[in-house]
Amino acid sequence: MTHDVPSGDLAAELDALRAEQARIRQSIGQGDLKFRHLARSVFRVTEQERRRLARELHDGVGQKLGSVLHRLSQLEQSDSIAAPLLEQVQTSTQLVRDCLQEIREISRLMRPQILDDLGLVPALEWLLRTMAQTHGFVVTADLQDPGLANDDDLGTLLFRVAQESLNNIGKHSGATEVVFRLGGKADRITLLIADNGQGCDLEAALAQGSNGESTGLSAMRERVQLFGGHIDFRSAPSDGMQVRVSIPRSESNLAPPP
Ligand SMILES: Nc1ncnc2c1ncn2[C@@H]1O[C@H](COP(=O)(O)OP(=O)(O)OP(=O)(O)O)[C@@H](O)[C@H]1O
Ligand SMILES: [Mg+2]
């Protein structure tokens, strides 16, 4: 069966449909922008909270433990202290010293002061040094300064991706060598983290993420996508792991939605 529709009406209907389509596309685009803005605000607030907790741990608990340590050391050095007591004081001093070191370490990993004070490149240099020492791998690093402001969310994102990838290398790979590259091109910032460890079955690893068992890889992917970027994981058993990230610079100051 055929319908006789005057061609003028059909053209008008098509125009109306096209206009409607454009309107829907625009509204989806705005919805996406609003969502990304909101999710990035949550990311920012989480980081602010980590910064506050890190300072409280360092300056509050850390300083109090520091003064306990000072008093114990004075006691240890006093002539009037009896030998059996001295041994107890020495054990306590060592316990407080270990505790203080752990608190400082947790505080730094929670939000390293160096990231806020000196920016991304010095913070990455510190992270690489610490991780190499802790896990016993050798790092070959090439860090180009992308020139981000110290409080730029993009810097925090890149730092967190590096931190999670290096943690994974330390925990799962048994790698002896790590290659780390930060590149700052005109339009995008790139990151490569590669290890020579045992690698893994990526499909299985990412499936763990969707079951909520392991969140590291999936959280990295979600955050990078939030910044309009792309993250690529490559690995095969006994072939190490590579993490490649590319984020457009324009995301550094994403305009708020109207
Ligand atoms: N560099 C790596 N070398 C070998 N296996 C890796 C590497 N990185 C990740 N994996 C594998 O991928 C899995 C998922 O990693 P993911 O970071 O998502 O979780 P996780 O490290 O186990 O836990 P968390 O949620 O604390 O990060 C790991 O359990 C590990 O098997
Ligand atoms: Mg992990």
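Order of appearance sets the numbers: ligands from 1, and atoms from 1 within every ligand.
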Considering heavy atoms of the protein only, find what lies nearest to atom 15 (O) of ligand 1 and give residue, atom and distance to 0.1 Å. Leu217 CG, 3.7 Å
Counting backbone and side-chain atoms alike, is an N, O or S atom of Thr215 positioned under 2.8 Å from the Mg ion (ligand 2)? no
Evaluating non-hydrogen atoms only, which member of Ser214, Ala205, Ala207 is closest to atom 19 (O) of ligand 1? Ser214
Looking only at non-hydrogen atoms, the one of Lys171, Met220, Met241, Glu164 nearest atom 26 (O) of ligand 1 is Lys171
If you have a sec, work out which protein heavy atom is nearest atom 20 (P) of ligand 1 and how many Å separate them, to one decimal? His172 NE2, 3.5 Å
Shortest protein heavy-atom distance from atom 9 (C) of ligand 1, along with the residue and atom involved: Asn168 ND2, 3.7 Å
Answer side chain, backbone, both or neither: which part of Asp195 comes under 4.0 Å from ligand 1, heavy atoms only. side chain
Nearest 0.5 Å please: distance from the CZ atom of Arg181 over to the OG1 atom of Thr140. 9.0 Å
For atom 4 (C) of ligand 1, what's the nearest protein heavy atom and its distance? Gly199 O, 3.5 Å
Among non-hydrogen protein atoms, atom 13 (C) of ligand 1 lies closest to Gln208 OE1, 3.4 Å
Below 4.0 angstrom, N of the basic side chain to O of the carboxylate: do Arg40 and Asp153 qualify? no
Check this for me, if you would: do Arg52 and Glu56 make a salt bridge, where the nitrogen-to-carboxylate-oxygen distance has to be below 4.0 angstrom? yes
Measuring from Ile169:CD1 to Glu164:CD, what's the distance to the nearest 0.5 Å? 10.5 Å
Backbone or side chain, does any N or O of Cys200 fall under 3.5 Å from an N or O of ligand 1? no
Give me the residue, atom name and distance of the protein heavy atom closest to atom 25 (O) of ligand 1. Thr215 N, 2.8 Å
CD1 of Ile247 to CD of Gln225, rounded to nearest 0.5 Å, is 11.0 Å
With heavy-atom distances below 4.5 Å as the criterion, would you say the side chains of His135 and Val178 are in contact? no
Spell out, as yes or no, whether a donor-acceptor pair under 3.5 Å connects the side chain of Ser78 to the backbone of Gln74. no
Report yes if the side chains of Glu20 and Ile24 come closer than 4.5 Å at any heavy-atom pair, otherwise no. yes
Give the name of the N/O/S atom in Glu164 that lies closest to the Mg ion (ligand 2). OE2
Name the closest protein heavy atom to atom 3 (N) of ligand 1, giving the residue it belongs to and the distance to 0.1 Å. Ser173 CB, 3.4 Å
Taking heavy atoms and a distance under 4.0 Å, where does Gln198 meet ligand 1: side chain, backbone, both or neither? neither
Do Ile193 and Leu191 come within less than 4.5 Å of each other through their side chains, counting heavy atoms only? yes
